[in-house]
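Labels below follow one simple rule: chain letters A, B, ... track the order of the sequence lines, proteins then strands, and each chain is numbered from 1. Because the structure is predicted, anything quoted here is derived from the model rather than measured.
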There are 2 protein chains.
Amino acid sequence: MTDKPLCVPNGFRFGGVIAGIKKSGKPDISLIVGDQPLVAAGVYTTNQIVAAPVVWCRRNTPSQSVRAVIANSGNANACTGEQGDADTAEMCQRVADALGCDASDVLVMSTGVIGNLLPMEKVRSGIDDVLQKLDTGVDAFVSAAQAIMTTDKSRKTCSRQLQIADQTITITAMAKGAGMIAPNMATMLSVVTTDAKLTPEQATRLLKQAADGSYNRVSVDGHASTNDTLLLLASGQVGELLSGKDETTFANCLNELCVEIARELVADGEGATHWMKICVSGAQCDRDAELIARTVGASPLVKTAITGADPNWGRIVSAVGYAGPPIEPTKTCLTLCGVLIYENGRPLPYDAASLSKTMSQSPEVLVELIVGSGSGAGVHWASDLTTTYVTFNSEYTT
Amino acid sequence: MTDKPLCVPNGFRFGGVIAGIKKSGKPDISLIVGDQPLVAAGVYTTNQIVAAPVVWCRRNTPSQSVRAVIANSGNANACTGEQGDADTAEMCQRVADALGCDASDVLVMSTGVIGNLLPMEKVRSGIDDVLQKLDTGVDAFVSAAQAIMTTDKSRKTCSRQLQIADQTITITAMAKGAGMIAPNMATMLSVVTTDAKLTPEQATRLLKQAADGSYNRVSVDGHASTNDTLLLLASGQVGELLSGKDETTFANCLNELCVEIARELVADGEGATHWMKICVSGAQCDRDAELIARTVGASPLVKTAITGADPNWGRIVSAVGYAGPPIEPTKTCLTLCGVLIYENGRPLPYDAASLSKTMSQSPEVLVELIVGSGSGAGVHWASDLTTTYVTFNSEYTT
């Protein structure tokens with residue numbers, strides 16, 4: 001996706017700089033500024049242990065007067081007590097002073113290691129620096145997107161354009177996330193920018209709907225983070241307030257973009273070599289189908305079978321059985337990469353070597369399950385589990 | 001534990017042989033026979049996809065007329081449809097014919113790969129063979145215990161003796177399990193034999209109670225199996241029917257033995273180098289505390305931190321936050337290997353190098369969490385996650 005051309009919506013400036021928060025010396029302070037007050041909506045982690053920046057953003061969205069989003073990587077400012085809250089407030093105040101707005105009109109995101117206080121001297125000078133580097137255009141957007149990355153191997157950015165009443169509306173998203181990826185909106189940092197005109201209520205509704213079908217359907221390790229934040233910022237510089245059919249067109253485009261970027265999160269899962277697309281049907285309701293798909297995607301035994309291109313399908317079927325929602329064992333069927341191998345509770349003969357070859361050659365392994373005769377259906381994307389994930393995460397801070 | 005002397009209860013004979021079901025050529029048919037009809041109780045997997053032998057055992061326990069337990073490793077006889085049910089019945093019938101009892105008085109367990117039909121020719125000759133090898137004593141018991149092992153590195157056996165009314169009662173267990181280990185009684189195969197005298201109802205009650213505090217509190221990979229079975233067999237050859245204080249003494253001894261063997265399952269988790277003992281208190285109820293402890297133990301990020309002897313405690317605290325049960329973030333405290341590092345929502349200074357050294361040197365890493373001011377408490381044991389687990393499970397069948 002990063003090969004496709006990016007388009008940047010009107011009404012924004014972006015910047016990313018190296019403040020020295022990360023030991024690696026990579027960019028770690030990111031800023032997005034609206035030329036005018038922005039409509040902003042947010043969807044946040046469902047973790048009960050929430051980082052200071054999430055508390056701040058929850059308090060200040062939805063809004064129609066947001067001027068900026070300041071973000072740092074390399075430190076999550078989570079589990080940092082009152083000092084963490086004070087540091088978050090100071091970050092926003094510093095940006096607000098430079099822009100001449102209220103601190104509550106500045107949103108904030110942090111990502112990185114949990115439990116350390118922010119190195120505020122570096123953060124302050126990074127903020128002062130990035131304020132000088134703001135620019136419009138793709139290069140500036142990319143700088144901002146790079147500065148929120150942590151363990152990501154690749155930058156996650158994505159653009160869509162749509163025509164509404166002869167006007168070209170742009171929607172462009174940046175995201176970070178490779179570990180601590182779990183469904184139920186606890187997945188990552190992501191900012192979606194658009195020049196469409198939306199009300200705060202409309203932005204909130206459309207963003208929640210898009211998150212439900214995308215960010216909430218992916219998992220890498222099932223560990224829900226303390227910091228995850230998805231923001232939609234609308235500058236309103238193109239066209240009229242969206243309504244009716246135009247709103248639907250915009251919503252569909254936003255949903256597609258979110259699915260695309262959420263899939264990128266999974267594809268870049270720490271150490272991942274493949275991902276699964278797990279489609280469950282025949283459940284008693286959609287919620288049950290999703291929970292079953294999620295449970296299959298979370299099983300370390302299923303994940304390692306995918307890693308090894310091993311059609312060890314009993315692991316998949318047994319995960320369906322312990323997911324929780326009621327299933328009908330004698331109506332349960334599994335199709336793996338298009339090959340039906342378990343039908344109505346009975347194993348079918350299949351060519352294991354050929355199926356293994358198909359699994360190893362495709363980055364996406366399609367897992368299709370029928371679990372009964374109900375009408376519930378759902379889909380989930382999950383990464384595989386490799387020795388690289390384990391090595392990486394057993395050596396992360398020490 | 002396997003170094004401690006084993007004692008075998010009166011009234012049983014045991015055997016284990018090589019039938020060729022396992023490619024490795026290791027023992028794979030195990031038989032336990034009662035000299036007289038045995039009282040038998042069982043606790044089984046909660047997976048909705050259940051293997052044929054589990055269906056058979058559920059139907060035939062509790063009982064006071066069980067004569068034998070036949071078991072095979074190397075093949076789970078799960079997801080095998082009607083043929084799987086017929087094969088299970090044939091295994092029991094063959095043993096019953098030799099012993100001159102009803103097939104319903106023979107219990108059966110299978111463990112191994114899911115989804116393949118049993119190689120019945122090998123199973124039949126293995127059964128005929130093991131019937132000739134039955135013996136009393138420790139060596140025979142050990143043979144039977146070895147023949148149920150699959151990916152286990154070490155044999156899991158454990159004995160306790162207790163004095164009741166001047167009589168020595170023996171309780172001796174065998175178990176297998178290293179992968180597909182998840183809490184909620186879906187953990188392994190285990191047979192507890194005793195020469196105490198119990199009613200079927202008493203045996204069922206005491207076994208469930210013991211399982212709740214032991215087998216249901218351990219996890220390796222959180223994948224609940226289709227086959228897991230815990231049986232209690234009582235020959236009744238020593239002493240009178242247990243009641244009152246004597247029953248309590250017996251129950252305590254049974255509980256301790258089950259905790260010890262359950263901990264061994266975790267210690268031998270596939271590829272495991274350490275295990276965690278996670279103690280949660282201050283929850284709103286015991287059930288909540290257990291769920292929190294289990295969630296911490298299931299997080300791949302927590303597991304890999306333990307593998308790396310990395311006191312990356314933010315991963316532990318954030319897992320508490322997404323477990324589900326209500327917690328009080330500002331009253332949350334974490335003590336790792338005896339060192340208080342997070343108190344009432346605030347990080348404390350600590351010597352990370354020293355703590356890392358302690359973590360690396362102890363096989364058991366003690367994780368103590370206070371999550372609020374409630375009275376709920378619970379404990380869970382979980383293995384760490386190593387590259388060996390991943391390598392092993394991505395190369396298991398292909």
Closest heavy-atom contact between A/I327 and B/I49? CD1-CD1, 3.6 Å
Considering residues at least two apart in sequence or located in another chain, which fulfil the salt bridge (Lys or Arg N to Asp or Glu O under 4.0 Å) criterion with A/K331? A/E328
Tell me, for B/P325 versus chain A, whether the close heavy atoms (under 4.5 Å) come from the side chain, the backbone, both or neither. backbone
Write down the atom of A/Q48, the atom of B/P329, and the distance for their closest heavy-atom approach. O-CG, 3.5 Å
Of the options B/T45, B/I114, B/V50, which is the one that meets A/S318 in a side chain to side chain contact (heavy atoms under 4.5 Å, CB included)? B/I114
More than 12 non-hydrogen atoms from neighbouring residues, nucleotides or ligands closer than 6.0 Å to CZ on A/R287, yes or no? no
Top contributor to chain B interface from A/T386, A/T307, A/T332 [non-hydrogen pairs under 4.5 Å]: A/T386
If the condition is salt bridge (Lys or Arg N to Asp or Glu O under 4.0 Å), which residues does A/R346 pass it with, not counting sequence neighbours? B/E82
What residue in B/N344, B/V317, B/T388, B/N116 has the most heavy-atom pairs under 4.5 Å with chain A? B/V317
How close do B/P347 and A/G115 get, heavy atom to heavy atom, and via which atoms? CB-O, 3.7 Å
Rounded to the nearest 0.5 Å, what separates atom NZ in B/K303 from atom CG in A/N393? 13.5 Å
Of A/D310, A/N312, A/T304, which is the lone residue that meets side chain to side chain contact (heavy atoms under 4.5 Å, CB included) with B/S394? A/T304
Of the listed residues (A/C79, A/G81, A/A305), which shares the most heavy-atom pairs with chain B below a 4.5 Å separation? A/C79
Side chain to side chain, B/Y389 and A/L301, heavy atoms closer than 4.5 Å: yes
Between chain B and each of A/A352, A/G345, A/A78, A/P326, count heavy-atom pairs under 4.5 Å; write down the option with the most. A/P326
